[in-house]
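Here is how names work: the chains are called A, B, and so on, in the same order as the sequence lines, proteins then strands, and each is numbered from 1.
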Protein chains: 2
Amino acid sequence: MSDRTSLTLKESRYLALMYRTQVEEGERVTTTTLAKSFKVNPATVTEVLQKLAEKGLIEYVRYYGARLSERGILEAQKLLRKHRILEVLFVKFLRYDAKKACEEASKIDFYCSEELINTICKTYGHPEKCPCNKKIFRDPTCLSVVS
Amino acid sequence: MSDRTSLTLKESRYLALMYRTQVEEGERVTTTTLAKSFKVNPATVTEVLQKLAEKGLIEYVRYYGARLSERGILEAQKLLRKHRILEVLFVKFLRYDAKKACEEASKIDFYCSEELINTICKTYGHPEKCPCNKKIFRDPTCLSVVS
DNA sequence: TAAAAATGTTTGGTTAATCCTAAATTTTTC
DNA sequence: GAAAAATTTAGGATTAACCAAACATTTTTA
C-alpha cells in the first residue's frame, strides 16, 4: 500500500489547480469547476477531494467545496515551482516559446526531484518569475549560488 | 482501456533491461534474472513478458525465455536514447556526475517527449555517447542543427 | 537415467488509482 | 416552498502491479 500521505499525479494536479483558483484568483473551488477542468464526472471529483481531505491537504465541506490546508498550499507550491522552473529552462536553454515550454513541463514536472529543480534554479540565479510571469516559489533549501 | 500497443512505465523498463542484456551483453534473458533485477516475484515477470509478447515487442517461449522483436528493439532504443540524452544534459549543463545524472534521468526519461529529447540532442550537436560512454541511438527525425 | 533441484508458469487472489452511471441528498433559486 | 441545480453516495468496471502456492518443465547430479 502506498504512503498514506504521498500524492498521486492526479491528486497533485488537483492541488495545483485549486491553488490557482483559490489563492491566485481568490475564487471558491467547486466540484463542478474541477469536473469541467479535468473533464471527468463530478462523482470522480468528490472521490479525489475526499482522498485529499484524508491526507490533510484540503479542508473539505460536503456540498460546499474545498479549501487548501497549509500543507496543501505547500504541496501545490512545490509542484508549481517545479513546473515553472522547468519552463524557465525550456525557454532559456531550448528557446521554446512559453506555451510549448508549459506543455513539456507538464509532462515531467511531477516526476522531477526537488534536487534537480533546485540545481536548475541555482543555474538560472533563482528566477522569480516563469516565462508567463507567474511567481516562482522559493524553496528554503535552495539558496546557494553556483560558483 | 489503454492502447493495445502503448507501453507502461514498467514495461518500458523491462524492454530497456532486456536490451542491455540481450543486445549489449549478448546474454539470454531469463525470468529469474528479470525477477532479481526488479525485485519482484517471478510470477510477476511472466505476466509482464506475456503482455509484452501480446504487444509484439518480444518473442516469448514458455520455459525458455524472451527475445526482443524488431519493434521491441526500437522501443528499447527509444527509451535508452531519452535516458542518455538526459544524462548528457545533466552532466554538461548541471555539472552532475555520471551516477547522479543517471539517477535523475531515470526518474523522468519515460515521460519526456521525443520532441524535447531531440531539442536537447540538437543543442548538444547530436552526441554519440552518454557520460558513461554508452551509445546514444539516432532518431532519424533528429537531424537539423540549431542555427 | 531417475530423482532432486532449479526454474518457470498458472491459478487465484489483493490493492490502489481512475473512472463511470444512477439514485439519493442538499442547496439554490424563482 | 417547490423545482432546478449541484453534489454526494452506492455500486460497479477496468487496469496495472504485485504476491503465494500449486503445478509443470527443464536441468543437474548422483
Side-chain angles (χ1 to χ4, degrees), chain A residues 1-18 21-22 27-68 72 75 79 106-107 109-111, chain B residues 1-18 21-22 27-68 72 75 79 106-107 109-111:
Chain A
M1 105 202 45
S2 70
D3 266 61
R4 279 164 293 323
T5 47
S6 68
L7 285 175
T8 68
L9 174 61
K10 295 279 173 170
E11 283 170 352
S12 82
R13 298 275 179 248
Y14 275 66
L15 288 184
L17 183 54
M18 290 172 76
T21 6
Q22 177 188 309
E27 276 168 36
R28 183 155 77 99
V29 183
T30 67
T31 301
T32 311
T33 308
L34 290 167
K36 278 184 189 146
S37 303
F38 293 116
K39 298 191 170 72
V40 295
N41 193 294
T44 303
V45 173
T46 301
E47 254 181 39
V48 176
L49 294 183
Q50 289 170 341
K51 205 75 202 283
L52 287 170
E54 268 176 35
K55 293 184 180 176
L57 296 160
I58 64 173
E59 282 140 36
Y60 168 61
V61 179
R62 272 158 81 248
Y63 294 105
Y64 174 77
R67 130 173 294 134
L68 292 166
E75 279 301 326
L79 184 71
S106 297
K107 291 174 191 159
D109 51 9
F110 178 74
Y111 303 101
Chain B
M1 100 203 51
S2 67
D3 266 62
R4 278 165 295 320
T5 48
S6 68
L7 285 176
T8 68
L9 173 60
K10 295 280 173 170
E11 285 169 351
S12 81
R13 298 277 177 248
Y14 274 65
L15 288 184
L17 182 54
M18 291 173 75
T21 8
Q22 177 187 308
E27 275 168 38
R28 186 154 76 98
V29 184
T30 68
T31 301
T32 311
T33 307
L34 290 166
K36 279 183 188 147
S37 303
F38 292 117
K39 299 190 171 75
V40 295
N41 192 295
T44 304
V45 173
T46 301
E47 253 181 37
V48 176
L49 293 182
Q50 288 169 343
K51 205 76 203 281
L52 287 171
E54 268 176 34
K55 292 182 180 177
L57 297 161
I58 63 173
E59 283 140 35
Y60 169 61
V61 179
R62 269 158 86 248
Y63 293 106
Y64 175 77
R67 128 174 296 134
L68 292 165
E75 278 303 324
L79 183 71
S106 297
K107 290 173 191 158
D109 50 10
F110 179 74
Y111 304 101

How is [X] classified with respect to the nucleic acid when contacts are heavy atoms under 4.0 Å: base, sugar-phosphate, or nothing?
X       : result
A:Thr31 : sugar-phosphate
A:Phe38 : nothing
B:Glu47 : base
A:Thr44 : base

Under 4.0 Å from OP1 or OP2 of [N]: is there any side-chain N or O of [X] that close?
X       : N      : result
B:Thr8  : D:dA17 : yes
A:Arg62 : C:dT27 : no
B:Tyr60 : C:dT9  : yes

To the nearest Å, how far apart are [X] [atom1] and [N] [atom2]?
X       : N      : atom1 : atom2 : result
A:Leu7  : C:dA16 : CG    : C1'   : 15 Å
B:Leu49 : D:dA16 : CG    : P     : 15 Å
A:Arg28 : D:dA6  : CZ    : P     : 11 Å
A:Arg13 : C:dA17 : CZ    : P     : 16 Å
A:Lys39 : C:dT18 : NZ    : P     : 18 Å
B:Tyr14 : D:dC18 : OH    : C1'   : 10 Å
A:Tyr64 : D:dT8  : OH    : P     : 13 Å
B:Gln50 : D:dC18 : CD    : C1'   : 15 Å

Can you tell which of [options] lies closest to the side chain of [X]?
X       : options                : result
A:Pro42 : D:dT8, D:dA16, C:dT9   : D:dT8
A:Asn41 : C:dC20, C:dC19, D:dT9  : C:dC20
A:Thr46 : C:dC19, C:dT10, D:dT8  : D:dT8
A:Tyr63 : D:dA24, D:dT8, C:dC20  : D:dT8
A:Lys10 : D:dA16, C:dC19, C:dT10 : C:dC19

Problem - Short side-chain to backbone donor-acceptor contact, A:Arg28 and A:Tyr64, under 3.5 Å - result: yes

Handout entry: Min side-chain heavy-atom separation A:Leu7-A:Leu57 under 4.5 Å
Key = yes

Handout entry: 4.5 Å side-chain heavy-atom contact, A:Ile58 and A:Glu75
Key = no

Exercise for the section: Over all heavy atoms of both residues, which pair between B:Ala66 and B:Met18 is shortest? Give the atoms and the distance, please. Expected result: CB-CE, 3.5 Å

Practice task
State whether the number of non-hydrogen atoms from other residues, nucleotides or ligands found under 6.0 Å of B:Lys107 atom NZ is greater than 12.
Solution key: yes

